[in-house]
Every structure is written in structure tokens, then in C-alpha cells.
J.: 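First, the structure itself, so that you have it in front of you.
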Amino acid sequence: STPFAGKSVIELLMKHTSEPVQPPHERDRSVPRWLSDVIVKTMAKQRGDRYQRCEELLTELEARQFGASVDPAAAKVEKEPPPPPKALIEARPPAKLKPQGISLRRHPVLNYGFGALLLAAFALAGVGQGAVQAVFFAPEVDQQALYDEQASQALGSLRRQLALGVDSPGRELRLAAERYRDFTNAYLGTPAGLEASSLAETCLKRAQASEEAALGRLLETARDRFAKRRLGPALDALNGAPADLSEEAAAPLRELRAKIEAELAQLGFAWIPEGNAQVGEGAGQRERFLTGFYLQLREVSCGEYQEFLAATQTPPPAGWPEGKLSAERAQLPVTGVAWKQAAAYARWRGWRLPRSSEWEKGARGASGQRWPWGDEAEPKRCNWGPEAKLAPVGSHEQDRSPYGCLDMAGNARELTLGPGSRPGQPRLRVCGGGVGSEHVENTRAAFHVDGVAPASSDPAVGFRCALDELPPREEGDK
């Protein structure tokens, strides 16, 4: 039997370097105890526990064999050991000790000369060939080959784990390249390490090709939507582009974005993309998913409402001045209109009144901040207060929401369709609280007043419009 057993070469090596050798006499009773002790000491794991010089080992072998006492100190001082018995010199290991095809090596403590003498001593002591071979001889292990094999197995496992196909996204390919780079650094100098380095380069090239193809498809989608005047969805497509594009790759996206934003600004709308919205606050706060929609950047002005009155011969609201509006009055938000008048104006434009949840998302942004500009009250940003007067729409640039909508904290309060509204049966909600508000807290985006009668109107309440899709461009606008 051999001193150690293991399921693999690596396990066998670990036991050989860390576990003590079982004394030979415990495995083979024919081995003398004194010889077993010498063998165990010769194969001790710690250098200090082994024989320090060949003379020590030979002296103890001679003494133990012939029953003499051993003086270790004398053995260390003696430079030239006494000649060993003639029998030890003449003895030779059996010729068949070295199996064919297996390279045999001795324990590092032994050199060739006294190793042969030690084998002769075993022969004299009656130690069997199997016991001697098990203790002092082991197959020669090529450490580099073991390391290469371990690296190859690890690389195979990594490749199975990543399992990248030809259509893998660029992001996944770049992550794979990083993993292969890490592997290369961990197994430098091995064939597997070189292969991993090549795989990393391959992944990077595939990632670049994949990203270029995806970017091309994205740009094509955005251009197609822009051509159909689906400006909001076109922006959504552009927003899906990676942030770390090169200047050359980003240029066509930036150019198209500028065209979309310019047309939206000309139309006077902001795009509110689909997603969750924080509605309400405190115990009543909840999250709602809203599809994408357009919301007017500014409140409807008196001048815009005058166009509606003239085109539809609709009676003006109470307090409306006779004749042509002054330029100053035309820029103010229209107020004092009831729900039916506001809804009629929206239909005339091809628009609609916003739902309260839409208005609130337009004011708070996707994060649900308390004011259009953030979570802290900053009274100087907006037009509010008990003595404040209406100002031209959009004149307070700092009262701007994350989507670019203006005057959602200050200026006129705004009429919206509250929860539970149905066609022809609105449940109105007035949002915001600018002019006439006595407390700055009333300017926060979640502030509202419910229970407004459809036929009622207020000189401090106006409105803005929303729509789901933009109308097609006219022939001359294409």
C-alpha cells in the first residue's frame, strides 16, 4: 500500500505536503520499529524535525542496526562518517523496484548516495519491496502540467457559465470580456490563460459590432417615429442609447434629438414618458403606472382662448373685456372658466384636459419630488401669495418641472379631472396653489382641492391641456 490515497493527483499532493506519514511498522509488522522511526523522521514535514546531515542518518542507521547507542551531537560534529558495514555497501535495491514507464523520485532529504545505502539497510532489515517503494518512491509529478490542467478545466467551466451566443447583446459581451481578462491575470503563462486573453479580444470585437448594430436599429426606429410625428416615442428610443458613446456615434442621435425638442417646443408641449408616478403624499401616497402623454408647457393664455371664442362664437366667460385684448392681457393665463368651457376649448384644439395624476407627474417628475424644482420650498421661484397677481404664462423660468413644464407651483391654479371621472360626469380637482395662497406649502405639487362643481368658475383658476398623440404634420410642414 502507499502512504497516501486520493481521488486526484492534486488531492494526493495536498496530503503528501500536509499530513504526517503513517509509520511503516503500523502497515507492515515485518518492518522493525527502529527502522520505522528512522523512516518517519526522514520524511518529517518540518525541516527542523528531519536529519540535518547525511552523517546523522547514516550514524543512526548503523547504531540502530547493530544495537549501539547514538550520540546526535557527536554525529553533527563528525565531518567524515565511519565506513558503513560491508554488507550495507554490497547490498543493492532489487532491479524491478522501478516500474516501467514511471519516473521514480526520492524524498528531497535524501541524496543518491546514502539513499542507496538506506535501501540496502531496508533490505537487510527484511523490509518488503512494496513497503520501501510506498514510503520513499512516488510518481514524478510535473507541477506545471498540473497547473495547466487545472487552468484548462477552470476555463472550460467559465465558458460553460458564460455560454454566449452569436446574438448576445454588447453589454453581456463586454462583461464576458472582463471575466476572461480576470481569468488571464489569474492563470498567466498557461495555455488556458492565453486562450482566455484571445477570448476577451473576441468578445470585445463582437460587443463593438453588436453595439453598432443595435445603435443603428435604434436610430432607424427614432427616425421612423419622428417622420410619423410620434415625437415622444422617438425621444424614448433615443433615451435607450448608451451614455458612453463616442463623439462620432453620438452626433446623429444628438442632431435628431435637437429636431424633436425644437418641434415639441414649437407646439408648446412636453413629453411625459410612460412609467410609474408618485401620486399624493403621506398616508395617501400611492404609485400609479401612466402611459406616455403630452402636457402643455404653459397654462392656456387669454390670447389663445380668444382665438377659440372668435372661431366658435362661444360666449366669453364672466369679466371678459369687450373688444380686442390688450397685448398684456393676452399673455396672462385665462381664468374664470367653468369645466364645460375648458373642455370645449380642448376639443376645439384636438386636445383634452389632463387627469390629476398626469398633472401631478408632470409637476413632480418620475421621482415624485414635492415641488417642481425639488423637495424644499423655495418661495422666490414661483408666483404665489395672498396679494400676488397673475403673471404672463411661463414668465417664472425657475418654476420649472423635470419635464420642462412651467408655473406648476405658482401663478393660476389649474383645473383637472380627478379620480373617478367618467365621460360627461367629471369629478373635478383643482391642482396647485399659487396666486391667492396664504401658505407656501400650498404650492407643492400634491396640493389640491376636490369637490369643484362643473358649472363653477374662479378668477384664480385656469387650466392647461394634454393629448395622447400629436396630429400628423400638414403637407407643408414635412
J.: At what distance, to the nearest 0.5 angstrom, does CD1 of Ile260 lie from CG of Leu238?
T.: 5.0 Å
J.: With distance as the sole criterion, is a donor-acceptor pair present between the side chains of Asp399 and Trp371 under 3.5 Å?
T.: no
J.: Looking at Leu215 and Ala249, what are the two nearest heavy atoms and their distance?
T.: CD2-CB, 3.8 Å
J.: Ignoring hydrogens and geometry beyond distance, is a side-chain donor-acceptor pair present between Asp148 and Gln144 at under 3.5 Å?
T.: yes
J.: Val435 and Ala388: which non-hydrogen atoms are nearest, and at how many Å?
T.: CG1-O, 3.1 Å
J.: Hey, is Arg223 close enough to Glu220 for a salt bridge, meaning N to O under 4.0 Å?
T.: no
J.: Does CD in Glu287 sit with more than 12 non-hydrogen atoms of other residues, nucleotides or ligands closer than 6.0 Å?
T.: yes
J.: Within the side chain of Ser421, is there an N or O that forms a donor-acceptor pair under 3.5 Å with the backbone of Arg427?
T.: yes
J.: Taking the basic N atoms (NZ, or NE/NH1/NH2) and the acidic carboxylate oxygens, is any pair closer than 4.0 Å for Glu178 and Arg181?
T.: yes
J.: Would the distance check show the side chain of Arg364 and the main-chain N or O of Gln278 forming a donor-acceptor pair, the cut-off being under 3.5 Å?
T.: yes
J.: Measure the spacing between CZ of Phe183 and CZ of Arg159 and express it to the nearest 0.5 Å.
T.: 10.5 Å
J.: Quick check for you: to the nearest 0.5 Å, what is the distance between Met408 atom CE and Arg400 atom CZ?
T.: 12.5 Å
J.: Looking at side-chain heavy atoms only, is the closest gap between Arg349 and Phe308 below 4.5 Å?
T.: no
J.: Cation-pi check, Arg473 to Phe226: give yes when NZ or CZ is under 6.0 Å from the six-membered ring centre and within 45° of the ring axis, no otherwise.
T.: yes
J.: Does Glu441 pair with Arg370 as a salt bridge, N-O distance under 4.0 Å?
T.: yes
J.: Should Arg329 and Pro321 count as side-chain neighbours, where that means a heavy-atom distance under 4.5 Å?
T.: yes
J.: Determine whether Arg179 and Leu158 make a side-chain contact, defined as any pair of heavy atoms from C-beta on separated by less than 4.5 Å.
T.: yes
J.: Can you check whether Val430's main-chain N or O pairs, donor with acceptor, with Arg413's side chain at less than 3.5 Å?
T.: no
J.: Checking His448 side chain against Ala446 main chain: does a donor-acceptor pair fall under 3.5 Å?
T.: yes
J.: If you define the side chain from C-beta out and look only at heavy atoms, does anything of Leu235 sit under 4.5 Å from Arg257?
T.: yes
J.: Is it true that a side-chain atom of Ser168 and a backbone atom of Glu172 form a donor plus acceptor pair closer than 3.5 Å?
T.: no
J.: Step by step, would you call Phe463 with Trp339 a side-chain contact (heavy atoms from CB on, under 4.5 Å)?
T.: CA-CA 10 Å; Phe463 65 98; Trp339 164 70; over 6 Å; no
J.: Minimum heavy-atom separation for Arg229 to Leu267, with atom names?
T.: NH2-CD2, 3.3 Å
J.: Measure from the side-chain N and O atoms of Ser210 to the backbone N and O of Gly170, and report whether any donor-acceptor pair falls under 3.5 Å.
T.: yes
J.: Show your working on salt bridge (Lys or Arg N to Asp or Glu O under 4.0 Å) between Glu360 and Arg355 and close with a plain yes or no.
T.: CA-CA 9 Å; Glu360 194 170 337; Arg355 292 180 283 272; over 6 Å; no
J.: So, for Thr335 and Ala412, which heavy atoms are closest and what is the spacing to 0.1 Å?
T.: CG2-CB, 4.1 Å
J.: For the salt bridge (charged side-chain N to carboxylate O under 4.0 Å, His left out) test, which of Arg429, Arg288, Arg352 pairs with Glu358?
T.: Arg352
J.: Looking only at heavy atoms, what is the nearest atom pair of Ala44 and Asp49, with distance?
T.: CB-CB, 3.7 Å
J.: Which pair of heavy atoms, one from Cys465 and one from Leu295, lies closest together, and at what distance?
T.: O-CD1, 3.6 Å
J.: Taking the side chain as C-beta and beyond, is there a heavy-atom pair between Trp384 and Val440 under 4.5 Å?
T.: yes
J.: Below 4.0 angstrom, N of the basic side chain to O of the carboxylate: do Glu201 and Arg206 qualify?
T.: no
J.: Are more than 12 heavy atoms from other residues, nucleotides or ligands located less than 6.0 Å from atom CD of Glu248?
T.: no
J.: Rounded to the nearest 0.5 Å, what's the gap from OG on Ser357 to CG on Leu290? Could you check?
T.: 4.5 Å
J.: I'd like to know if the side chain of Gln153 and the backbone of Gln150 have a donor-acceptor N/O pair within less than 3.5 Å.
T.: no
J.: Out of the candidates Lys389, His396, Glu299, only one should pair with Asn411 under the side-chain hydrogen bond (donor to acceptor under 3.5 Å, both in side chains) rule; please name it.
T.: Glu299
J.: Could you check whether any side-chain heavy atom of Leu164 comes within less than 4.5 Å of a side-chain heavy atom of Cys203, counting everything from C-beta outward?
T.: yes
J.: Are Tyr180 and Glu195 close enough that some pair of their side-chain heavy atoms sits under 4.5 Å apart?
T.: no
J.: Find the distance between CG (Leu467) and CG (Leu353) and round it off to the nearest 0.5 Å.
T.: 12.0 Å
J.: Between Ser401 (side chain only) and Gly362 (backbone N and O only), is there a donor and an acceptor less than 3.5 Å apart?
T.: yes
J.: Please walk me through it: do Glu397 and Leu406 pass side-chain contact (heavy atoms from CB on, under 4.5 Å)?
T.: CA-CA 7 Å; Glu397 281 289 330; Leu406 298 166; 4.2 Å; yes
J.: We want to know whether Thr312 and Trp348 form a side-chain donor-acceptor pair, criterion being a heavy-atom distance below 3.5 angstrom.
T.: no
J.: Please answer whether the main-chain N or O of Gly410 pairs with a side-chain N or O of Thr443 as donor and acceptor at a distance below 3.5 Å.
T.: no
J.: Salt bridge check, Arg230 against Glu469: does any charged N sit closer than 4.0 Å to a carboxylate O?
T.: no
J.: May I ask you to decide whether Arg171 forms a salt bridge with Glu211, counting only side-chain N to carboxylate O separations under 4.0 Å?
T.: no
J.: Just by distance, do the side chain of Glu304 and the backbone of Ser301 share a donor-acceptor pair under 3.5 Å?
T.: yes
J.: If you count heavy atoms of other groups shown closer than 6.0 angstrom to CD of Gln285, is the number above 12?
T.: yes
J.: Go through the steps for His439 and Arg444 under the test side-chain contact (heavy atoms from CB on, under 4.5 Å), then give the verdict.
T.: CA-CA 10 Å; His439 305 285; Arg444 67 191 190 278; over 6 Å; no
J.: Would you sort out whether Leu325 and Cys302 count as a side-chain contact (heavy atoms from CB on, under 4.5 Å), showing the intermediate values?
T.: CA-CA 8 Å; Leu325 291 176; Cys302 289; 3.9 Å; yes
J.: Does any non-hydrogen side-chain atom of Glu281 lie less than 4.5 Å from one of Phe447?
T.: no
J.: Parallel, tilted or perpendicular, judged at 30° and 60°: which one describes the rings of Tyr345 and Trp351?
T.: perpendicular
J.: About how many Å separate CG of Asn383 and CG of Leu390, when rounded to the nearest 0.5 Å?
T.: 7.5 Å
